[in-house]
Amino acid sequence: MSLPKYYEQKLRILEIIGTSSPGTMIPTERELAERFETSRTTVRKAIAELVVEGRLERTQGRGTFVADPKKIHVRQMTSFSQDMTGYKTDSVVLDLERVPATEEMAVHLDVPAGSTVTRLRRLRRQETEPLAIETAHLPGELPGLEAELAERGSLYATLREAFGIDISAAEDHIETALAAAGDAEVLGVDTGHPLLLVHRTAWDEHGRAAEWTRGLFRGDRFRFIARISK
């Protein structure tokens with residue numbers, strides 16, 4: 001069975017990517033169409049798929065460039081800060097408020113509905129590039145959380161050192177999602193961009209629920225690796 005025309009051109013473009021450094025501008029659609037003796041529509045579809053996969057990235061008004069390799073994100077009861085050790089990362093607090101626990105929060109955090117929950121929404125970045133939006137729900141008021149977090153950067157380190165809450169177990173549920181308009185704007189991607197949606201519940205050393213977090217990670221910048229040991 002023959003390959004679809006666009007896929008043949010995708011493989012050719014992958015050869016160009018393989019011999020180019022991140023940040024290298026690839027030829028224009030017109031140039032590629034002429035080189036491959038095909039239509040610009042076919043080339044455009046191949047490029048669009050490579051952009052979604054994170055192999056290429058478009059910059060409005062400049063062109064299409066070879067993208068940086070995906071960030072490797074290892075989930076083993078670690079925080080974003082720990083997972084991204086070796087990268088220059090930072091966080092921007094988008095929202096921090098105390099809210100009554102909804103039924104959903106109550107179930108995940110094992111607290112009464114209506115009790116106080118601290119909700120922390122942050123944009124996680126690597127060298128100013130938006131990578132993820134994490135919304136953490138934490139039982140109780142946790143007074144001074146923002147100042148303590150600003151001092152340490154890592155939420156888990158802050159919980160442990162400032163509040164005596166040591167995360168000892170966590171469970172992640174991972175699925176795919178498409179970026180809604182508001183999230184897409186914050187992450188700097190198009191509406192409908194593929195994302196990894198991660199729901200995490202974490203418990204302290206006493207088995208009490210200490211965190212329920214909803215994370216939206218750019219699908220073109222992350223892959224998740226799970227390690228299992230006996």
Side-chain angles (χ1 to χ4, degrees), residues 17 20-25 47-60 62-96 119-138 145-146 149-159 167 170-202 211-227:
I17 293 171
S20 304
S21 302
T24 301
M25 185 169 69
I47 289 175
E49 194 163 290
L50 289 167
V51 169
V52 169
E53 292 174 1
R55 303 300 299 271
L56 295 173
E57 56 185 9
R58 287 194 179 105
T59 302
Q60 188 67 34
R62 292 185 57 207
T64 304
F65 300 82
V66 177
D68 288 324
K70 289 188 177 186
K71 311 301 189 267
I72 299 176
H73 197 81
V74 182
R75 310 290 293 192
Q76 288 187 302
M77 292 186 297
T78 53
S79 66
F80 178 95
S81 303
Q82 292 169 311
D83 290 337
M84 295 295 289
T85 298
Y87 295 98
K88 185 178 179 181
T89 62
D90 65 6
S91 299
V92 178
V93 175
L94 302 175
D95 192 31
L96 175 61
R119 182 167 60 199
L120 171 66
R121 184 168 178 259
R122 292 182 295 168
L123 172 64
R124 318 308 298 272
R125 306 187 301 183
Q126 189 258 326
E127 294 183 351
T128 73
E129 179 185 27
L131 294 181
I133 300 171
E134 289 188 325
T135 305
H137 304 84
L138 312 164
L145 174 62
E146 187 164 13
L149 186 60
E151 181 180 336
R152 295 169 179 82
S154 167
L155 176 59
Y156 282 11
T158 299
L159 291 175
I167 301 296
E171 182 177 280
D172 288 345
H173 292 257
I174 304 172
E175 57 189 292
T176 58
L178 299 178
D183 293 327
E185 183 177 359
V186 174
L187 289 172
V189 298
D190 294 332
T191 299
H193 189 85
L195 304 175
L196 291 173
L197 171 60
V198 182
H199 285 286
R200 163 171 286 199
T201 303
E211 171 205 15
W212 175 53
T213 290
R214 178 180 185 267
L216 289 169
F217 296 82
R218 284 178 53 175
D220 61 338
R221 286 291 177 266
F222 277 93
R223 67 177 181 265
F224 284 76
I225 297 176
R227 292 177 181 166

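Each residue takes its place number in the sequence, starting with 1.
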As an exercise, state the distance from CZ of R218 to CG of L131, rounded to the nearest 0.5 Å. 6.5 Å
Identify, with sequence neighbours excluded, every residue that meets salt bridge (Lys or Arg N to Asp or Glu O under 4.0 Å) alongside D183. R121
For residues D190 and A179, report the shortest heavy-atom separation together with the two atoms involved. O-CB, 4.1 Å
Considering only heavy atoms from C-beta outward, does the side chain of V93 approach that of L120 to under 4.5 Å? yes
Just wondering, do L145 and L138 contact through their side chains at under 4.5 Å, heavy atoms? yes
Heavy-atom closest pair, residues A202 and Y156: CB-OH, 4.0 Å
Does L197 reach the side chain of L216, with side-chain heavy atoms less than 4.5 Å apart? yes
T201: which residues meet the side-chain hydrogen bond (donor to acceptor under 3.5 Å, both in side chains) condition with it, sequence neighbours left out? none
Any chance you could measure I167, atom CD1, to L159, atom CG, to the nearest 0.5 Å? 6.0 Å
Heavy-atom closest pair, residues A180 and T191: C-CG2, 4.3 Å
E49: partners by salt bridge (Lys or Arg N to Asp or Glu O under 4.0 Å), with sequence neighbours left out: K10
Taking all atoms of both residues into account, what is the closest heavy-atom pair of P130 and R125, and its distance? CA-CG, 4.1 Å
To the nearest 0.5 Å, what is the distance between CZ (R124) and CG (D90)? 9.0 Å
Are side-chain heavy atoms of E129 and R221 found at a separation under 4.5 Å? yes
For the residue pair M25 and G63, what are the closest heavy atoms and their distance? SD-CA, 4.3 Å
Atom pair CG/OG of D68 and S21 - distance to nearest 0.5 Å: 10.5 Å
Tell me, do L155 and E134 make a side-chain contact under 4.5 Å, heavy atoms counted? no
Just how far is it from atom OG1 of T64 to atom CG of L56, taken to the nearest 0.5 Å? 6.5 Å
Measure the spacing between CD of E57 and CZ of R62 and express it to the nearest 0.5 Å. 9.5 Å
For the residue pair L187 and L123, establish whether any side-chain heavy-atom pair is separated by less than 4.5 Å. yes
What is the minimum heavy-atom distance between D220 and V51, and which atoms define it? CB-O, 4.1 Å
